[in-house]
Peer 1: 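The structure under discussion is supplied below as structure tokens; questions concerning it will follow.
This structure is a prediction, so every number in the text was calculated from the model and none was measured.
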Amino acid sequence: MTQFNRRHLLGLEGVSADEISHILDTADNLKEINQRPIKKVPTLRGRLVINFFYEASTRTRTSFELAAKRLSADTFSLTASGSSMTKGETLIDTAKNLEAMAPDLIVMRHSSAGAPHLLARHIKPSIINAGDGAHEHPTQALLDMMTIRQKLGRLDGLKVSIIGDIAHSRVARSNIIGLQTMGSAVRVFGPRTLLPPQVESLGVEVANDMRQAVEDADVVMMLRVQRERLEDVLFPSLREYAQRFGLAARHLQKAKPGVLVMHPGPINRGVEMSPEVADGPYSVILEQVANGVAVRMALLYLLLNPETR
Amino acid sequence: MSRILLKGGRLLCPASGLDETGDLLIQDQSIAQLGGEIQAEDARVIPCAGLVVAPGLIDLHVHLRQPGHEYKETIASGSAAAAAGGFTAVCCMPNTDPVNDSRAVTDFILETAAKEAAARVYPVGAITMGLKGEALTEMAELREAGCVAVSDDGRPVADSRLMRRALEYAASFDLPVICHSEDLKLAAGGHMHEGPTATRLGLGGIPAQAEVLAIERDLALAGLSGAQVHIAHVSCAGSVEAVKRAKSQGVRCTAETAPHYLTLCDQDVGDYDTHFKMNPPLRSAADRQAVRQGLIQGVIDVVATDHAPHSILEKQVEFDQAAFGVVGLETALGVMLQLVEQGELDLAGLIRRMSAIPAQILGLAGGKLNPGGPADVTVLAPELAWKVEPEAFRSLSRNTPFAGWELPGRALATICGGRITHLLEK
């Protein structure tokens, strides 16, 4: 059996292909629990998982809550509003207070890149990064890879295009790192204002237009456009964005047959993706959501179950 | 009458070209006698065989945090840190609370220093009231009160027209202007150098151009106004080029860099270590090399520390929430001696850039060893290896990127105005 000796999952950087495969294999096995009439196993009974969300999130938080409950862990969520986080307490103080409640694992979402790394230096429980600023969102990338592997049967030798706001996207970073680790090639496309400086240093190819971006792709991953980027003058209008950087059905003719269209959600229909693509035959967006619970169950299991450590 | 005899050291004074083994006698606040063998029976003798006796080091750029942020540093603790690091004089930047934009604040600093400081403290006044970039300070009065320069350190003057006026006005009183050159709009949202490391870490970047553009502006305005301009904390290749060009065109300008820009780079930020966060940020390895060359070739005139103490309140937080700045007074000499050891600079060249030239730029006392001159002397042990332990700092703050470094040498003794302000027990 593959060893999984990590205490934290702070990102996919430094996580090996074997480890990723092992997480995905575990998720595949656990997924079946979600289809049972009684969707619960006693594996993590008596363990405490705290969802510590410094930044608003519905889908990631509920996905983690559900994953913990399916494995019978006790769990509660702490969100930025209505807590000490908005009362000027430092991150470390809040975390130490949580630590005093003896959690086994803390799931953390924060708007500052590196916040989970800071926490990991100061408290003992395991930490899963559920998104830190524009840095990483490893569980999203793992659920994306789980979906790709289910649909295409492999994660190596694929061409994956990630399109949209790469600069501010932690989903993009984790996917770029994870997919490259697994042996796939990643291409990115977006307006230059939404690509991180020296993006090539991430090992990706940069496409020049939508046609080139989608051409020959096994997977097209669209990213959400944040409307506040408009206020930062990173692009002139949603109209022009949709025309030049939005995915329409006609673009997919150039992709590989059976191309997968993915999106971490929530979608701006008509901006980064036309409705017919979002609801079309290539879209695996809802499978992504279902796999999210399974991947998070796998991580809770692997990080908390002493037999696997 | 108090007398100190430094016995048998290598007397090294780049300003006068002196480099020979001999004694140095201090009487009260002055150097009484220099060179050869000196007999002084009643003097306190410090044996200096194998050591270097040099003019006291002068740091053109420190933040002493008093008044206003005494939990980070005070004039007493900051000057004690200076003494421990071999410095006999420091120039303190005006971004205190209240800002040093008036005679009252300058008076307070100088009075506190007279009572408590272990080094000469030279206040630098603000260019604009409250560092707001709106109205000029009363520079003539600041000069009269004891400010040796004015600066916008920490909050650059964004308005070019106002900056021109400031430079012209300062020139009327021969007051040097120290420029923190940064295009704030271009740097906005940045927390480290813009480059592959920032991209990998998902942190907003500060492009080198934010510094280069602002230095180009300030140097252009220096040319226009005829003011004496000193460019603070040069961190990148483009800035070295800009200063080099301005000097070749006859602009009255000088420049400094800090030990961290000569030895560290953006990759050292590692896993979001806030002790590597300062402004300007640590640049690329190529920039580091260019800054070193700039210093070696004399384009960059001096090494200053930009000693910027912060407590764990500002540093043990999320990287993008953390304050910019690192302490430097107690590690600067050791870090620079490492560059000497590596053959990048010779010792005389280092001493020149850390004493004679800084004194010359702002017209300060010291910077040389001469009979009758002030007894500001640093006794260096270039081969006394030590390990940087922040807990042992005299500074109130511990925010150093050099923790754990093994450095080749340090100041064994510091004497400021004839008073021993630091003496390492062997």
Side-chain angles (χ1 to χ4, degrees), chain A residues 8 10-14 54-55 85 88-96 108 110-122 129 131-138 165-174 176-177 180 188 195-204 228-229 232-234, chain B residues 71 184-212 236 238 265-277 281 283-287 310-324 398-399 403-404:
Chain A
H8 309 298
L10 302 179
L12 289 187
E13 192 179 310
Y54 248 82
E55 194 185 66
M85 303 177 202
E89 194 176 50
T90 67
L91 176 62
I92 290 171
D93 282 337
T94 309
K96 290 208 182 238
M108 185 187 186
H110 198 290
S111 55
S112 296
H117 305 69
L118 175 67
L119 223 59
R121 283 197 284 269
H122 287 97
N129 179 4
D132 63 324
H135 179 226
E136 281 220 47
H137 191 353
D165 183 359
I166 313 290
H168 303 91
S169 175
R170 49 196 173 213
V171 176
R173 269 181 193 68
S174 285
I176 289 167
I177 295 164
Q180 288 177 345
V188 299
L195 297 182
Q198 302 181 39
V199 62
E200 297 84 357
S201 66
L202 295 174
V204 299
E228 56 262 37
R229 306 291 170 227
D232 288 347
V233 210
L234 289 164
Chain B
Y71 68 100
L184 289 175
K185 292 266 187 186
L186 190 52
H191 298 283
M192 66 174 293
H193 175 60
E194 181 175 303
T197 303
T199 287
R200 182 175 69 81
L201 293 174
L203 289 169
I206 302 171
Q209 286 76 3
E211 176 179 319
V212 179
C236 64
C265 68
D266 59 347
Q267 293 168 25
D268 294 313
V269 169
D271 260 352
Y272 305 95
D273 191 335
T274 59
H275 287 159
F276 292 79
K277 179 176 179 179
R283 304 288 186 188
S284 71
D287 285 313
H310 289 296
S311 80
I312 59 168
L313 293 176
E314 290 87 22
K315 283 295 189 180
Q316 222 176 70
V317 295
E318 299 87 320
F319 195 89
D320 59 7
Q321 310 285 312
F324 291 98
R398 308 276 177 265
N399 51 311

Peer 1: Does any backbone or side-chain atom of A/S111 lie under 4.5 Å from a heavy atom of chain B? Answer side chain, backbone, both or neither.
Peer 2: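 It is the backbone, since no side chain atom gets that close.
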Peer 1: Grab the two heavy atoms, one from A/A113 and one from B/L201, that are nearest each other, plus how far apart they are.
Peer 2: CB-O, 3.4 Å
Peer 1: If the condition is side-chain contact (heavy atoms from CB on, under 4.5 Å), which residues does B/A286 pass it with, not counting sequence neighbours?
Peer 2: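 Only B/S284 meet the side-chain contact (heavy atoms from CB on, under 4.5 Å) criterion with B/A286.
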Peer 1: Specify the closest pair of heavy atoms between A/R121 and B/Y272, including all atoms of both residues, with the distance to one decimal.
Peer 2: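 Shortest heavy-atom separation between A/R121 and B/Y272 comes out as NH2-O, 3.5 Å.
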Peer 1: Please state whether the side chain, the backbone, both or neither of A/E13 comes within less than 4.5 Å of a heavy atom of chain B.
Peer 2: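 The answer is the side chain of A/E13.
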Peer 1: Between B/T199 (side chain only) and A/P197 (backbone N and O only), is there a donor and an acceptor less than 3.5 Å apart?
Peer 2: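 Yes, B/T199 side chain to A/P197 backbone: donor-acceptor pair under 3.5 Å.
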Peer 1: Quick one, A/H122 with B/Q316, criterion side chain to side chain contact (heavy atoms under 4.5 Å, CB included). Give me CA distance, side-chain angles, the key distance, then yes/no.
Peer 2: CA-CA 10 Å; A/H122 287 97; B/Q316 222 176 70; 3.4 Å; yes
Peer 1: Testing the basics here: between B/P196 and A/Q198, what is the closest heavy-atom pair and its distance to 0.1 Å?
Peer 2: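 What the structure gives for the nearest pair is CD-OE1, 3.2 Å.
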Peer 1: What residue in A/D132, A/L91, A/T90, A/L10 has the most heavy-atom pairs under 4.5 Å with chain B?
Peer 2: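 Ranked by heavy-atom pairs under 4.5 Å with chain B, first place is A/L91.
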Peer 1: Under the 3.5 angstrom rule, does the side chain of B/R200 hit a backbone N or O of A/S201 as a donor-acceptor pair?
Peer 2: no
Peer 1: What is the distance from atom CG of B/D271 to atom CG of A/L118, rounded to the nearest 0.5 Å?
Peer 2: 11.0 Å
Peer 1: Name the member of A/S169, A/G133, A/G114 that forms the most heavy-atom pairs with chain B at distances under 4.5 Å.
Peer 2: A/G114
Peer 1: Counting only heavy atoms closer than 4.5 Å, note whether B/Q321 contacts chain A via side chain, backbone, both or neither.
Peer 2: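 Side chain only.
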